[in-house]
Amino acid sequence: PAETKAEKPKKQKGEKQPQQKGGKPAQSASSPEEVRAVRLQKVEELRGQGQEPYAYRFDRTHFTTELQEQFAALENGAHDESGAVVSVAGRVVAKRVMGKLSFLSLRDDKGQIQLYVEKAGLDAQQPGGFDLVKGLVDVGDIVGCTGGLKRTDKGELSVVATGLQVLAKPLMTRADKPLGIEEAGGRGREEGGERTVRDTFRARSKIISCIRRQLEDRGFLEVETPVLESVAGGADARPFRTFHNTLRRDFTLRIATELHLKRLVVGGFERVFELGRIFRNEGVSSRHNPEFTSVEIYQKTEWHSTVVPIAEVHRCPSCPSNHPAKPISYQGVDIDFGAPFRRASMAQLVQEAAPGLDFEALMAAGREAAAAGGPEAAAAVLAKAKQDAEAVRSAPSLGHLLNEMFEALAEAGLMQPTFVTEHPVEISPLAKPHRSKPGVTERFELFIYGREHANAFSELTDAVEQRVRFEEQVARHNRAFEERKQVCAGEGSDAEEAEEDYEVAVDYDFIAALEHGLPPTGGLGIGVDRLVMMLTDSPSIRDVIAFPLMK
């Protein structure tokens with residue numbers, strides 16, 4: 001609860017030093033160096049009085065919220081007649097001295113309570129205690145307080161201090177902000193019922209527990225796969241590179257967990273998942289952090305029967321702030337998780353956004369031209385399609401062009417949960433070809449609020465086709481990389497500075513594992529950070545990661 005008007009401390013600039021002899025206030029310190037010097041002086045003064053400013057322990061009896069609930073019926077102006085003595089501990093976030101009376105607001109992990117420090121009462125049990133509070137306890141200090149309970153005339157439940165101990169004397173602090181956590185976006189909000197940074201991270205923990213529990217209840221085994229990899233695979237992303245001194249070998253940090261998890265399915269583990277960190281050497285934005293958390297799930301199964309329901313984890317009623325029958329408000333938009341999620345093909349969504357672009361017909365024409373006139377005829381169809389599709393980057397195939405048009409025209413408009421299906425083969429090298437539609441795969445991505453939240457497909461199990469797709473993908477990527485290097489060399493710039501400019505390689509170890517036989521398998525990946533953003537109404541990924549990378 002907020003402090004009453006009479007007891008609310010005034011905001012002060014800098015930090016006040018203890019009063020000097022003669023009642024004159026000490027010089028106010030405002031710079032970080034001056035604040036630190038004053039704090040160090042107070043540390044020595046505490047030790048000089050026989051108090052250790054960095055305590056070994058303090059026996060707390062209650063959290064602040066427990067006291068607020070237990071003594072909710074205590075009337076204004078009344079003392080607790082039971083004689084209960086409680087001990088609380090936390091950080092001082094406000095302080096005001098009024099003659100022989102001092103009010104401190106103490107915040108712990110659960111909530112906040114007022115400390116009512118009266119000179120006569122504290123000094124009777126702890127001689128010199130009031131002078132310690134008045135002169136040596138500052139906003140930001142971590143303290144422990146023991147005493148009885150009362151509710152002030154203004155209605156503030158308070159611990160009447162009979163003992164007060166400094167548990168940790170910080171040298172630098174901003175007690176109005178979450179300490180030890182990098183500030184970002186709207187962090188540190190404490191007033192008016194807004195979600196605080198602590199609420200967000202508690203919710204994140206519960207959401208991750210919910211995901212893990214849902215999967216374990218379905219019989220999935222949680223595993224851990226290597227972070228260091230010889231070949232970065234499982235996604236199309238630039239990796240971080242490192243070097244192992246003892247082995248004298250280059251390694252990359254993983255950009256996905258997919259390939260190792262599928263090796264486990266080859267080895268006989270039919271239901272596996274991994275919750276872990278992924279590392280991609282790419283840009284920073286409100287939706288992207290170079291290291292992020294994902295959950296990847298693989299099951300020997302007919303993928304539609306199991307993977308699609310798991311992808312709807314957003315509807316899990318045990319997730320915080322979530323109930324399948326109620327919409328969730330995210331950034332002012334009501335997201336309906338109760339209704340069945342819409343399903344639409346990528347080509348259909350592009351045609352809805354641009355009625356003149358029928359990619360199903362274009363891709364069929366491309367296949368017919370390739371069959372009748374070879375690669376040159378297919379290239380002519382692609383060139384004509386590029387003329388019709390303005391303002392897109394260069395695309396080496398109709399499948400790539402469809403994906404670029406989807407990202408440019410349709411993606412941002414998918415506010416309600418939508419399964420985007422039938423991705424082109426060219427951009428889905430690990431997915432099975434569609435069983436009835438040539439040129440596309442059995443794959444879906446879940447989009448909410450114009451953002452990708454999940455990616456899943458029926459895993460490609462044909463080792464020969466997998467080898468061909470990998471080698472074509474790598475050859476195409478590296479050929480473009482070399483072309484850009486030559487262009488940049490002529491211009492005197494560095495090609496490797498661009499995010500898309502990096503070499504890739506085929507993971508032949510994975511292909512060798514695939515040759516031992518991968519059963520029909522469904523795979524799903526969910527971005528945990530974006531899921532937490534959605535369920536906590538956080539506008540930026542920085543708000544849901546404890547220590548995000550800052551620009």
Side-chain angles (χ1 to χ4, degrees), residues 228-242 249-260 262 278-283 288 290 346 363 366 370 375 378-379 382-383 385-386 389 392-408 423-433 439-441 443 445 452 455 457 459-460 462-491 493-514 523 525:
L228 292 178
E229 297 182 332
S230 299
V231 177
D236 186 7
R238 182 174 189 167
F240 287 96
R241 300 188 181 278
T242 188
R249 287 175 55 191
D250 291 318
F251 285 91
T252 67
L253 302 186
R254 67 186 181 192
I255 58 174
T257 56
E258 175 171 353
L259 302 189
H260 280 96
K262 288 200 282 194
I278 304 299
F279 307 88
R280 296 181 181 176
N281 195 356
E282 298 176 341
H288 300 90
M346 183 177 284
M363 293 172 76
L382 173 60
K386 287 182 179 180
V392 297
R393 298 166 295 186
S394 60
S397 70
L398 284 170
H400 287 90
L401 182 61
L402 170 58
N403 182 58
E404 291 186 12
M405 294 303 297
F406 168 76
E407 291 176 351
H423 293 60
V425 172
E426 295 93 329
I427 64 167
S428 310
L430 290 157
K432 267 188 180 296
V440 296
T441 59
R443 174 185 175 188
E445 290 179 299
E452 178 195 344
N455 183 24
F457 37 82
E459 304 296 334
L460 180 59
D462 184 337
V464 174
E465 183 176 353
Q466 185 69 83
R467 178 188 293 268
V468 170
R469 288 203 204 173
F470 272 178
E471 290 178 345
E472 288 179 349
Q473 179 190 33
V474 168
R476 183 170 56 246
H477 182 102
N478 290 342
R479 184 167 54 250
F481 175 56
E482 290 300 326
E483 290 173 356
R484 284 190 294 269
K485 282 181 67 175
Q486 292 176 7
V487 171
C488 291
E491 298 174 350
S493 59
D494 187 356
E496 294 188 4
E497 292 181 359
E499 284 189 1
E500 67 273 14
D501 289 330
Y502 55 93
E503 291 186 273
V504 296
V506 176
D507 189 341
Y508 287 107
D509 287 343
F510 171 70
I511 294 175
L514 207 60

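What you see is a predicted model, and the numbers here were worked out from it, not measured in a lab.
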Flag the pair [X] / [Y] as yes when at least one side-chain heavy-atom distance between them is below 4.5 Å, and no otherwise.
| X | Y | answer |
| --- | --- | --- |
| S230 | F251 | yes |
| P433 | L460 | yes |
| Q473 | P429 | yes |
| R476 | P396 | yes |
| L253 | L228 | yes |
| L259 | L430 | yes |
| E229 | H260 | yes |

Between [atom1] of [X] and [atom2] of [Y], what distance do you get to the nearest 0.5 Å?
| X | Y | atom1 | atom2 | result |
| --- | --- | --- | --- | --- |
| E407 | M346 | CD | CE | 7.5 Å |
| N403 | S428 | CG | OG | 8.0 Å |
| E404 | L401 | CD | CG | 6.5 Å |

Pair R241-N281, side-chain donor/acceptor within less than 3.5 Å:
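Side-chain D/A pair, R241 to N281: absent.
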
Check whether the side chains of H423 and E445 place a donor and an acceptor atom closer than 3.5 Å, and report yes or no.
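Side chains of H423 and E445: pair found under 3.5 Å.
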
With sequence neighbours left out, what residues match A513 under side chain to side chain contact (heavy atoms under 4.5 Å, CB included)?
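So A513 forms a side chain to side chain contact (heavy atoms under 4.5 Å, CB included) with R263.
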
Those residues that, when tested against E426, pass salt bridge (Lys or Arg N to Asp or Glu O under 4.0 Å) (two or more places apart):
none

Nearest heavy-atom pair of [X] and [Y]: which atoms, and what distance?
| X | Y | result |
| --- | --- | --- |
| T257 | I278 | CG2-CD1, 3.8 Å |
| A505 | V231 | O-CG1, 3.5 Å |
| G439 | M363 | O-CE, 3.7 Å |
| A235 | A256 | CB-CB, 4.2 Å |
| G283 | H288 | O-CB, 3.8 Å |

Checking the side chain of S397 only, and the main-chain atoms of H400 only, is there a donor and an acceptor separated by less than 3.5 Å?
yes

Set of residues satisfying side chain to side chain donor-acceptor pair (under 3.5 Å) with respect to [X], sequence neighbours excluded:
| X | answer |
| --- | --- |
| T441 | none |
| E471 | Y508 |
| Q466 | none |
| E465 | R469 |

In sequence, state the C-alpha distance, the side-chain angles, and the governing distance for V425 and V440, and then conclude on side chain to side chain contact (heavy atoms under 4.5 Å, CB included).
CA-CA 5 Å; V425 172; V440 296; 5.7 Å; no

Working for side chain to side chain contact (heavy atoms under 4.5 Å, CB included), residues N455 and R443
CA-CA 8 Å; N455 183 24; R443 174 185 175 188; 3.0 Å; yes

Pairing of K262 and E459 as salt bridge, 4.0 angstrom limit:
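Judged by the 4.0 Å cut-off on N to carboxylate O distance, K262 and E459 do form a salt bridge.
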
Evaluate side chain to side chain contact (heavy atoms under 4.5 Å, CB included) for T252 paired with F240, printing each intermediate quantity in order.
CA-CA 6 Å; T252 67; F240 287 96; over 6 Å; no

